[in-house]
Amino acid sequence: MVFILSLQIYYMWKGGKLLDKKCEEKWDYIQNTLKAKIHLENTFQLDEIRLVAGVDLAYWSDQKANYGVCCIQVLDYTSKKVIEQAEYAGEVEVPYISGYLAFRELPFILKAAEKLKTSPDLYMFDGNGYLHSRHMGIATQASFDLGKPTIGIAKTYLKIGNNTDFTMPENKAGAYTDIVIDGEVYGRALRTRTDVKPVFVSGGNWIDLHTAVKITMHFVEKESRLPVTTRYADLATHEARRRYQK
DNA sequence: GCGACAG
DNA sequence: ATCTTGTCGC
């Protein structure tokens with residue numbers, strides 16, 4: 001049922017109808033329907049996690065159209081080595097609208113995920129999960145199609161409403177503050193390393209916030225404030241774009 | 001008209 | 001996201 005609802009994304013994508021009132025209402029409907037199924041508790045044991053995927057996209061354009069490429073990097077949890085990678089490139093027909101990122105990027109993500117031969121136990125995204133006006137950031141929305149636990153990691157803060165700023169965590173690796181809105185914890189501002197801006201971690205689905213932060217920190221290396229999962233995916237999209245532009 | 005605005 | 005040089009610091 002959930003899966004069928006999400007397929008409506010494809011109709012909107014294929015049709016290329018952008019942000020008219022009907023389209024926006026459909027997007028609202030999908031998010032509002034799916035959010036009832038969010039389950040922010042672990043559906044796994046941490047020691048069962050073997051393969052973790054990082055997902056990211058890059059964009060470019062020519063005189064004809066706009067294009068995007070999605071890269072997925074699958075890493076082994078303990079060795080942090082890349083086990084597999086997949087990518088999908090194509091024309092982008094959906095604009096970026098804050099709050100509706102999934103409708104722009106999810107079609108690419110699902111196409112790339114189809115190409116994987118391995119089955120990641122968990123996916124990590126650039127962007128939010130539960131930290132969203134409808135608790136339906138891209139990490140959460142993607143979970144319903146991928147059928148796997150997800151984590152959202154955003155590089156900048158998305159305000160949910162008025163007076164919903166976050167408290168800056170102390171300047172120490174691993175330090176965090178809860179992002180609480182109307183008494184509810186939406187996510188965490190996490191200082192992944194000292195002397196870097198915090199990232200914003202929220203559960204996507206089928207994972208609790210504590211575990212999401214723990215896994216995020218597990219993959220943070222010296223080279224980046226982002227976990228290497230999404231960092232490698234980011235680098236892969238840049239490399240892929242250079243390839244496609246020739 | 002003005003400000004806000006994950007990627 | 002993307003367009004882009006230098007520059008400060010380890």
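To find a chain, count down the sequence lines: A is the first, B the second, and so on, and within it residues start at 1. These figures come from a predicted structure and were not determined experimentally.
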Which ones in [range] lie close to DNA chain C, meaning a heavy atom under 4.0 Å from one of its atoms?
range                       : result
residues 194-221 of chain A : none
residues 181-192 of chain A : none
residues 230-246 of chain A : A/H238, A/R241

Self-check item: Lys/Arg N to Asp/Glu carboxylate O, A/E91 vs A/K64, below 4.0 Å
Solution: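 No, no charged N to carboxylate O under 4.0 Å.
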Quiz item: Can A/R243 and A/E87 be counted as an ion pair, charged N to O under 4.0 angstrom?
Solution: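 Yes, charged N to carboxylate O under 4.0 Å.
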To the nearest 0.5 Å, how far apart are [atom1] in [X] and [atom2] in [Y]?
X      : Y      : atom1 : atom2 : result
A/Q141 : A/Y100 : CD    : OH    : 10.5 Å
A/T177 : A/R191 : OG1   : CZ    : 9.0 Å
A/S202 : A/L209 : OG    : CG    : 7.5 Å
A/I153 : A/T230 : CD1   : OG1   : 5.0 Å
A/R104 : A/E93  : CZ    : CD    : 11.5 Å
A/R242 : A/H238 : CZ    : NE2   : 10.5 Å

Quiz prompt | Residue pairs passing the ring pair (Phe, Tyr, Trp, His ring centres under 6.0 Å) test where at least one lies in residues 30-68 of chain A, sequence neighbours excluded | solution = A/W60-A/Y67, A/W60-A/Y244
Self-check item: Pairs flagged by ring pair (Phe, Tyr, Trp, His ring centres under 6.0 Å) wherever residues 111-139 of chain A is involved - sequence neighbours left out
Solution: A/Y130-A/H135, A/Y130-A/Y186, A/H135-A/Y186
Practice problem: Determine the Euclidean distance between corresponding P atoms of C/dT5 and B/dC2; express it in Å to zero decimal places. | Solution: 32 Å
Practice problem: Rounded to whole angstrom, note down the C1' distance from C/dT2 over to B/dC5. | Solution: 15 Å
Exercise. Specify the closest pair of heavy atoms between A/Y77 and A/H218, including all atoms of both residues, with the distance to one decimal.
Key: O-NE2, 2.6 Å
Exercise. Would you sort out whether A/N42 and A/T211 count as a side-chain hydrogen bond (donor to acceptor under 3.5 Å, both in side chains), showing the intermediate values?
Key: CA-CA 8 Å; A/N42 292 352; A/T211 307; 2.8 Å; yes
Quiz item: Can you name the one residue among A/E84, A/Q85, A/M124, A/R231 that meets side chain to side chain contact (heavy atoms under 4.5 Å, CB included) with A/Q73?
Solution: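 Running side chain to side chain contact (heavy atoms under 4.5 Å, CB included) over A/E84, A/Q85, A/M124, A/R231 with A/Q73 returns exactly one hit, A/Q85.
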Using the test side-chain contact (heavy atoms from CB on, under 4.5 Å), find all partners of [X] that sit at least two apart in sequence or belong to another chain.
X      : result
A/D76  : A/T78, A/S79, A/I83
A/S119 : A/K148
A/T237 : A/D56, A/A58, A/V69, A/C71, A/D234

Quiz prompt | Residues A/N128 and A/Y157: side-chain donor-acceptor under 3.5 angstrom | solution = no
Practice problem: Could you summarise the pairing of DNA chain C as dot-bracket text, marking Watson-Crick and G-U pairs under 3.5 Å with ( ) or [ ] inside the strand and | across strands? | Solution: ..........
Quiz item: Mind checking whether A/L122 and A/L46 sit in one hydrophobic cluster, side chains of I, L, V, M, F, W, Y counted as touching below 4.5 Å?
Solution: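 Yes: a chain of side-chain contacts under 4.5 Å links A/L122 to A/L46.
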Quiz item: Linking I/L/V/M/F/W/Y whenever any side-chain heavy atoms sit under 4.5 Å apart, do A/L110 and A/I138 land together?
Solution: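 Yes, one cluster joins them.
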Quiz item: Using Watson-Crick and G-U wobble pairs whose two distances are both under 3.5 Å, how do you write the pairing of DNA chain B as dot-bracket, with | for links to another strand?
Solution: .......
Quiz item: Tell me, for nucleotides 5-10 of chain C in 5' to 3' order, what letter each nucleotide earns: B for a base near a protein heavy atom under 4.0 Å, S for only sugar-phosphate near one, - for neither?
Solution: ------
Practice problem: Any chance you could list the contact pattern along nucleotides 1-7 of chain B? Use B for base contacts, S for sugar-phosphate-only contacts and - for none, protein heavy atoms under 4.0 Å, 5' to 3'. | Solution: ----SBB
Quiz item: Would a 4.5 Å heavy-atom cut-off, applied to side chains only, mark A/K80 and A/F219 as touching?
Solution: yes
